[in-house]
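By convention in this document, chain letters (A, B, ...) are assigned in the order of the sequence lines, proteins followed by strands, and residues within each chain are numbered from 1.
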Protein chains: 2
Amino acid sequence: MPSPAGVTDLRKSTHAIPDATVARLPIYHRVLTSLLESGVESVSSHELAEVCGVNSAKLRKDLSHLGSYGTRGVGYRVEYLLFQIAREIGYAQDWPVVIVGVGNLGNALAGYAGSADRGFRIVGLIDSDSDLVGQTIAGVEVRDLAELETVIAEHSASIGVIATPASAAQAVCDRLVASGVTSILNFAPSVLTVPQGVDVRKVDLGTELQILAFHQQQRAEGLRTRKTSKRTSPSTALENIS
Amino acid sequence: MPSPAGVTDLRKSTHAIPDATVARLPIYHRVLTSLLESGVESVSSHELAEVCGVNSAKLRKDLSHLGSYGTRGVGYRVEYLLFQIAREIGYAQDWPVVIVGVGNLGNALAGYAGSADRGFRIVGLIDSDSDLVGQTIAGVEVRDLAELETVIAEHSASIGVIATPASAAQAVCDRLVASGVTSILNFAPSVLTVPQGVDVRKVDLGTELQILAFHQQQRAEGLRTRKTSKRTSPSTALENIS
DNA sequence: CAGACTTTGTGCGATCATTCACAAGCGTTC
DNA sequence: GAACGCTTGTGAATGATCGCACAAAGTCTG
């Protein structure tokens, strides 16, 4: 995970939800939403775990970090659990997000986070290409790179997305941080340097492919093997729901 | 990280490179490439680690899994180390990749993996939209969804990328697997069910944002704290190189 | 050629994550 | 209302990953 803790003593005392758990909460949330829409009122940890593709014990432990929201012998009330997870991950907050770089990737992101109400609101699209500036994408007008600070201040955005070429990433990052952004999602294939207190997550398409390629190669080398990877997933029984 | 092992006894006996290490090799590779282009011939683990944003001990341990490619008292020869990492992750193999779903995201991927020679070759772009079929993107013609099996067979592709809406993801996945694809990169926000032996990696933009939002909320709650997250990164001294 | 200095490679303990296995608790049935 | 069956919540075991600290092994200097 993905990532070195990053919790202080103080935060740990109040909440103390492991990073690994936090990374899975959005999945639970999505699946539960889907269940709710299907009219399912209650699920057991086994059912939910299968659909989410995780071990049921892990799921229960994850949920236990939020509180005791299940009923023994019965399971979890979908609506109630959904509400609790949503509260925990700040779903209802409608976080203002600024996206820098409106190429294909930025476009995809704008459409994704913009349309589906996932608890985010795109408040700014920034690009340096004068042909793009002024256009409206997903209901938001693209503004010039020079206005980055203005846009952030206007909406008090604290989450920024970098979807620029790698060469521009660090400069953009610096300006985001200087403007008060404390959470950054970086799609550029470069390592960002940020001051303490700023949270950076990196998503690198090339890296993901290379990891797959590695496993693929391993598989090719171990020719005479039967089972290679055991990253299996749920079996059947999820067509019933979604 | 991201992910539950997925190594068999047999594979472990031959190589045994931890997943966490594999996930970092592409980063080392990219940084080393950049160093090589800058004319740097040799690096110490400290220098390299700083630029990569990792602990130097961790970097050395990672590299030690590949073999003893450093020289004590000196460091690592950039070119040699680069070659070894490239060999390990199958960089020179030019893996044939098929992308299903040519929306903004698929487009971005095609441009990314297609242009930069990262060890991949886009051999197929598939979409069900008849307006897209026939167009040429990043030098590859978009083919109809019906031809998925044909395209995969033509190029013996074993890596597939799903960039479709969530509703189509599982169906596409099933067809990929049936056609012999054993590594899948899934961008759709849905949990895929695959038979044993198939490797799936998931990249979910919404999830990433929600994880950031969670940390952001934590920070907001712990108002009177000073240090919140300590996910810091390299300091200075990387302008010298890249 | 010896001694000082540098940097790798790694043994070890600490931390974090996963999984097992079971007691505690709830509903249902008789 | 007591006994049974089911499912949660969690202690404890296992496993993976990380980071320190240091010996081994090389370069450089005089």
Given [options], the nucleotide with the shortest approach to the side chain of [X]:
{"X": "A:Lys58", "options": "D:dT17, C:dT18, C:dA17", "answer": "C:dT18"}
{"X": "A:Pro18", "options": "C:dC20, D:dA23, C:dA17", "answer": "C:dA17"}
{"X": "B:Lys61", "options": "C:dC12, D:dA23, D:dT8", "answer": "C:dC12"}

Side-chain N or O of [X] versus OP1/OP2 of [N]: is the shortest distance under 4.0 Å?
{"X": "A:Arg24", "N": "C:dT18", "value": "yes"}
{"X": "A:Ser68", "N": "D:dG9", "value": "yes"}
{"X": "A:Asn55", "N": "C:dA17", "value": "no"}
{"X": "B:Tyr76", "N": "C:dG9", "value": "yes"}
{"X": "A:Ser45", "N": "D:dT8", "value": "yes"}

- Item | ring-ring contact (aromatic ring centres under 6.0 Å, His included), paired with A:Tyr69, selected from A:Tyr76, A:Tyr80, A:Tyr28 | A:Tyr80

First locate atom [atom1] of [X], then atom [atom2] of [Y], and finally report the distance between them rounded to the nearest 0.5 Å.
{"X": "A:Leu212", "Y": "B:Thr182", "atom1": "CG", "atom2": "OG1", "answer": "9.0 Å"}
{"X": "A:Ile211", "Y": "B:Arg24", "atom1": "CD1", "atom2": "CZ", "answer": "10.5 Å"}
{"X": "A:Arg201", "Y": "A:Leu192", "atom1": "CZ", "atom2": "CG", "answer": "13.5 Å"}

